[in-house]
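This report concerns only the one structure given below.
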Amino acid sequence: MLKLLSGGRLLPNCKSNYFPKPFCSIRYLHISSYSTVPNYIQISSNESGSNDQGIDIDLLFHSSTNAHLAKCLHALLIVLGKVQSLFISTRLLNLYSNLGLEWDVFVAASLVHMYCRFGLFDAAYQIFTNMPYRDMGCWNAIISGFCQNGKGEKALEVLDEMKLEGIKMDSVTVSTILPVCAQLDDMVQGRLTHLYVIKHGLEHDLFVGNAFINFYAKFGEVEHAQKVFDSMVIRDLISWNSIIAAYEQNNNPDYALNFFNKMQMDGFKPDLLTIVSIASSIAQSRDSQSSRCVHGFIQRRCWFEKDVIIGNAVVDMYAKLGDADSARKLFDKILLKDVVSWNTMITGYGQNGLANEAIDVYHTMVEIEHVTPNQGTLASILPAYAHIGALKEGTTTHGRVLKTGQLLDVFIGTCLIDLYGKCGDMEDTMKLFYEVPKTSSVPWNAVISCLGIHGHGETSLKLFRNMLDDGVQPDTITFISLLSACSHSGLVEQGEWCFNVMQNDYGIKPSLKHYGCLVDLLGRAGQLEKAYNFIKNMPLQPDASVWGALLGACRIHGNADLGKLASDRLLEVDPDNVGYYVLLSNIYANAGKWDGVNRVRSLANSKGLKKTPGWSSIEINNKMEVFYTGNYSHPQCDQIYEELENLMTKMKILGYIPDYSFVLQDVEEDEKQHILISHSERLAIAYGIINTPARTPIRIFKNLRVCGDCHTATKFISRITEREIIVRDSNRFHNFKDGVCSCGDYW
DNA sequence: GTAGGGTTAG
């Protein structure tokens with residue numbers, strides 16, 4: 001039995017909410033008596049009883065002939081969830097004014113809040129402005145109503161209104177608006193609020209403190225968050241969770257784990273949200289061992305069944321640790337998956353280079369499980385399409401999701417820029433770029449990088465200047481994109497300029513990736529000694545990418561001695577990468593040092609190196625075909641090899657000589673020729689020639705770099721077939737036409 | 001009427 005007072009307050013279980021979940025249980029309520037005793041209504045809870053449909057609201061309105069009855073009716077309507085209707089609320093207003101009643105502040109404030117919850121902001125504001133007087137609760141009700149329902153700007157307007165009326169914020173107001181300041185990126189407002197809080201002695205309020213920890217964390221100011229945490233007189237679990245999340249979200253997993261221990265020493269037991277942050281911290285600190293502990297911890301408490309969020313967090317943890325299999329196993333065990341679960345799994349596969357698996361999961365999600373994809377889904381699946389060059393499939397998916405009412409935001413916009421750019425469509429890339437909001441560096445970085453892989457280094461630099469003119473702060477990735485763009489276009493001076501500007505003007509310390517780019521830049525341009533000296537003077541320990549850049553440059557410029565040196569270092573840091581053996585063998589071969597070639601070959605063979613399987617893909621009639629090197633299982637296999645043999649004959653007439661230094665296997669020459677023509681890019685090209693009309697362009701995607709022999713061969717093929725052949729490999733674009741490549745053999 | 005969470009771009 002529930003008892004409702006005329007003010008509308010629901011008595012039992014009335015925690016801090018005015019009307020706790022009035023709508024959830026409404027099915028089981030029916031009115032046992034509409035009391036004529038004017039100060040309460042009785043409602044009995046009866047699960048098998050009738051629902052509210054038997055209530056004659058018209059009759060109730062007509063019978064409400066005095067103030068008490070009007071308030072009872074009002075309360076009843078709130079409990080029944082009827083006040084969400086503007087029609088009913090207008091009738092209520094009329095009833096109140098007909099009876100000469102003022103709005104009850106308490107009811108009105110609750111109504112305001114409820115309207116906001118249903119997105120009826122105008123109605124809420126209307127009631128609010130019509131209130132005869134407003135106490136603190138009213139102001140907080142409308143402000144929090146707006147805040148929690150995505151109307152942050154509106155909330156701040158009301159806050160200004162409140163200040164104009166000379167009303168001071170209390171701790172509730174402060175805790176309400178801080179998340180909004182963070183969401184609106186309004187650091188200034190938050191800082192001013194902090195001053196206000198100190199001035200008015202609100203800083204020791206628990207809610208205020210917690211809100212500030214989260215506020216500063218969102219702006220990356222962990223030190224401030226820490227100061228707030230330190231100064232707190234009382235701390236609760238939320239305070240601890242907030243400081244742990246602050247470190248976790250600002251890439252300081254060690255501190256997060258540290259506070260996790262401290263918190264337990266202080267006698268606080270972690271809850272679900274603590275563990276969510278800890279799972280993410282473990283992923284960041286790449287601590288595979290602890291990942292199992294967390295998994296066990298959750299399992300022992302049966303928290304996987306409690307809330308889907310924890311399962312999602314652990315799936316994400318495994319995926320980020322590179323363990324896609326464990327992620328999938330857990331994912332399959334989540335019974336009630338939500339859209340984030342699917343997105344996490346798709347992203348997880350994508351981040352581990354398993355684009356096809358990611359696409360499979362997406363299809364299961366949409367076609368079998370009928371889950372409606374959201375923006376996060378697009379942001380997860382589009383990079384997977386970009387990875388294998390599935391432009392048509394990507395854009396079709398994008399179109400389909402748009403139909404479900406999703407808008408183009410910065411995330412999706414940037415994914416699309418990347419997709420179009422990586423698939424070679426620079427025109428659409430630029431079109432999109434101009435449509436996307438460009439307040440952060442991310443879309444700029446994407447377009448700079450895409451222009452770079454197309455060899456438009458000058459345009460990349462121009463966009464960089466535009467970016468600075470627009471007042472957008474460049475970050476480390478901006479400079480990686482720029483340096484690699486300069487490198488692809490041979491813009492040595494400009495690249496060096498970028499490297500200096502990055503450090504001197506933006507205080508960004510170069511990472512190994514930056515060093516790798518610069519070595520690549522100098523090396524490709526033939527300044528091998530300079531590149532080598534540069535490596536020797538690096539303050540960081542050079543890794544495989546740095547030495548690999550030097551080795552690649554040595555191959556281009558035929559420097560066997562430096563190449564040997566670079567590969568020796570490489571075999572120390574990354575001994576199992578077969579690509580380096582191929583490069584070195586090729587360097588020796590070009591220099592005519594056949595004993596060197598043999599040495600490298602036998603070394604590679606003795607190690608029994610597992611190659612990264614090379615694959616190339618081509619999209620024909622909206623369908624992706626993926627060819628692995630040496631594939632013989634394709635239905636058109638015979639036709640493909642026949643085509644390649646035919647081409648080989650014609651190529652040889654035109655002067656093509658196969659370059660066997662790219663073949664590491666120790667086999668006869670015939671066999672070597674066969675190995676070369678079964679490289680995945682050639683299979684894909686032949687498949688394209690067979691299945692598309694004559695003289696139309698062919699677009700190929702390759703996961704590794706195009707080998708030197710295939711590069712030469714493709715030039716001949718483009719001449720023989722009179723086709724434009726566009727190959728995007730892991731490094732850049734090659735546009736073959738009339739026997740030449742756009743990269744000018746500079747790659 | 002108030003504070004904390006998982007996925008998402010280069």
Side-chain angles (χ1 to χ4, degrees), chain A residues 16-18 106 109-110 112-113 116 135-145 147-148 169-179 182 205-215 217-218 236-246 248-249 271-277 279-280 307-317 319-320 338-348 350-351 374-383 386 409-419 421-422 436 440-450 452 475-481 484:
Chain A
S16 59
N17 290 337
Y18 282 4
F106 189 82
S110 313
V112 162
H113 204 247
C116 289
D135 63 359
M136 226 27 238
C138 292
W139 285 101
N140 287 335
I142 185 115
I143 292 172
S144 75
C147 285
Q148 289 166 4
M169 296 189 283
D170 66 0
S171 60
V172 176
T173 329
V174 170
S175 333
T176 308
I177 60 150
L178 278 176
D205 183 274
L206 177 65
F207 277 72
V208 170
N210 291 345
F212 269 116
I213 296 177
N214 289 299
F215 171 80
K218 293 226 167 78
D236 64 358
L237 185 57
I238 295 180
S239 323
W240 285 98
N241 285 351
S242 301
I243 194 75
I244 291 171
E248 178 261 307
Q249 280 158 16
D271 70 352
L272 213 127
L273 295 187
T274 325
I275 299 302
V276 166
S277 294
S280 172
D307 194 335
V308 64
I309 190 173
I310 191 107
N312 295 347
V314 178
V315 168
D316 183 51
M317 175 184 76
K320 291 229 164 77
D338 66 358
V339 63
V340 177
S341 318
W342 292 95
N343 296 352
T344 309
M345 198 59 241
I346 293 170
T347 312
Q351 283 168 344
N374 66 5
Q375 301 226 340
T377 318
L378 273 183
S380 314
I381 194 66
L382 290 178
D409 71 350
V410 193
F411 270 84
I412 308 307
T414 310
C415 290
L416 287 172
I417 288 174
D418 190 51
L419 174 68
K422 284 208 176 121
V436 165
S440 92
S441 65
V442 181
W444 291 94
N445 296 349
V447 80
I448 287 174
S449 146
C450 285
D475 59 14
T476 68
I477 292 166
T478 316
F479 287 103
I480 292 174
S481 311
S484 89

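The basis for the numbers below is simple: all heavy atoms, side chains too, and nothing from hydrogens, waters or symmetry mates. Just so we're on the same page: letters track the sequence lines, and every chain starts at 1.
Minimum heavy-atom separation, A/S175 to A/P179: O-CD, 3.2 Å. Pairing each heavy atom of A/A246 with each of A/A217, the nearest pair is CB-CB, 3.5 Å. Closest approach of A/A446 and A/T414 over heavy atoms only: CB-CG2, 3.7 Å. For A/L272 against A/I310, the heavy-atom pair with the smallest separation is O-CD1, 3.7 Å. The minimum heavy-atom distance linking A/I244 with A/S277 is given by the pair CG2-CB, 3.9 Å.
Residue A/S380 forms a side chain to side chain contact (heavy atoms under 4.5 Å, CB included) with just one option from A/T347, A/N374, A/T344, and that option is A/T347.
With hydrogens and angles ignored, a donor-acceptor pair under 3.5 angstrom links the side chain of A/D271 to the base of B/dG4. One N or O donor and one acceptor, one from the side chain of A/D307 and one from the base of B/dG5, sit under 3.5 Å apart.
For the pair A/D316 CG and B/dG5 P, the interatomic distance rounds to 15 Å; values are reported in whole Å. Remark: C1' of B/dG4 and CD1 of A/I238 are 6 Å apart, rounded to the nearest angstrom. Across the protein-nucleic acid pair, A/Q249 atom CD and B/dT8 atom P stand 13 Å apart, rounded to whole Å. Rounded to a whole Å, the CZ atom of A/F212 is 18 Å from the P atom of B/dT2. For the pair A/L378 CG and B/dT8 C1', the interatomic distance rounds to 10 Å; values are reported in whole Å. Atom-to-atom, CG of A/L206 to P of B/dG4 comes out at 12 Å; the value is rounded to the nearest Å. Atom C1' of nucleotide B/dG5 and atom CG of A/L237 are separated by 12 Å, given to the nearest angstrom. Computed from coordinates, the A/D418 CG to B/dT8 C1' distance equals 13 Å when rounded to whole Å.
Proximity note for A/H113 (side chain, C-beta onward) versus B/dT2, B/dG4, B/dG5: the nearest is B/dT2. Side-chain atoms of A/I309 lie closest to B/dG5 of the nucleotides B/dA9, B/dG5, B/dT2. Among B/dA3, B/dT8, B/dG4, the nucleotide with an atom closest to any side-chain atom of A/A211 is B/dA3. For A/K218, whose side chain is taken as the heavy atoms from C-beta onward, the closest listed nucleotide among B/dA3, B/dG5, B/dT7 is B/dG5. For A/P179, the listed nucleotide lying nearest its side chain is B/dA3; candidates were B/dT7, B/dA9, B/dA3. Listed nucleotides: B/dA3, B/dT8, B/dG4. Nearest to the side chain of A/K320: B/dT8. In this structure, the nucleotide among B/dA3, B/dG4, B/dT8 sitting nearest to the side chain of A/S242 is B/dG4. For A/S175, taking side-chain heavy atoms from C-beta onward, the closest of the listed nucleotides B/dA9, B/dT2, B/dT7 is B/dT2.
Counting non-hydrogen atoms under 4.0 angstrom, A/D338 reaches a base of the nucleic acid. Using a 4.0 Å heavy-atom distance criterion, A/T377 is classed as making no nucleic acid contact. Using a 4.0 Å heavy-atom cutoff across all strands shown, A/A446 reaches sugar-phosphate atoms only and no base atom. Heavy atoms of A/V276 sit under 4.0 angstrom from primed sugar atoms or phosphate atoms, though from no base atom. Nucleic acid contact class of A/T344 (heavy atoms, under 4.0 Å, all strands): sugar-phosphate only. Residue-level contact check: A/S171 touches the bases, meaning some heavy atom is under 4.0 Å from a base atom. The residue A/M136 sits close to a base: some heavy atom pair falls under 4.0 Å. Counting any heavy atom pair closer than 4.0 Å across all strands shown, A/N374 reaches no nucleic acid atom.
The structure places CE of A/M136 at 9.0 Å from OG of A/S171, a figure rounded to the nearest 0.5 Å.
Contact annotation: A/Q351 reaches the phosphate of B/dT8 (side-chain N/O to OP1 or OP2, under 4.0 Å). An OP1 or OP2 oxygen of B/dT2 is reached within less than 4.0 angstrom by a side-chain nitrogen or oxygen of A/Q148.
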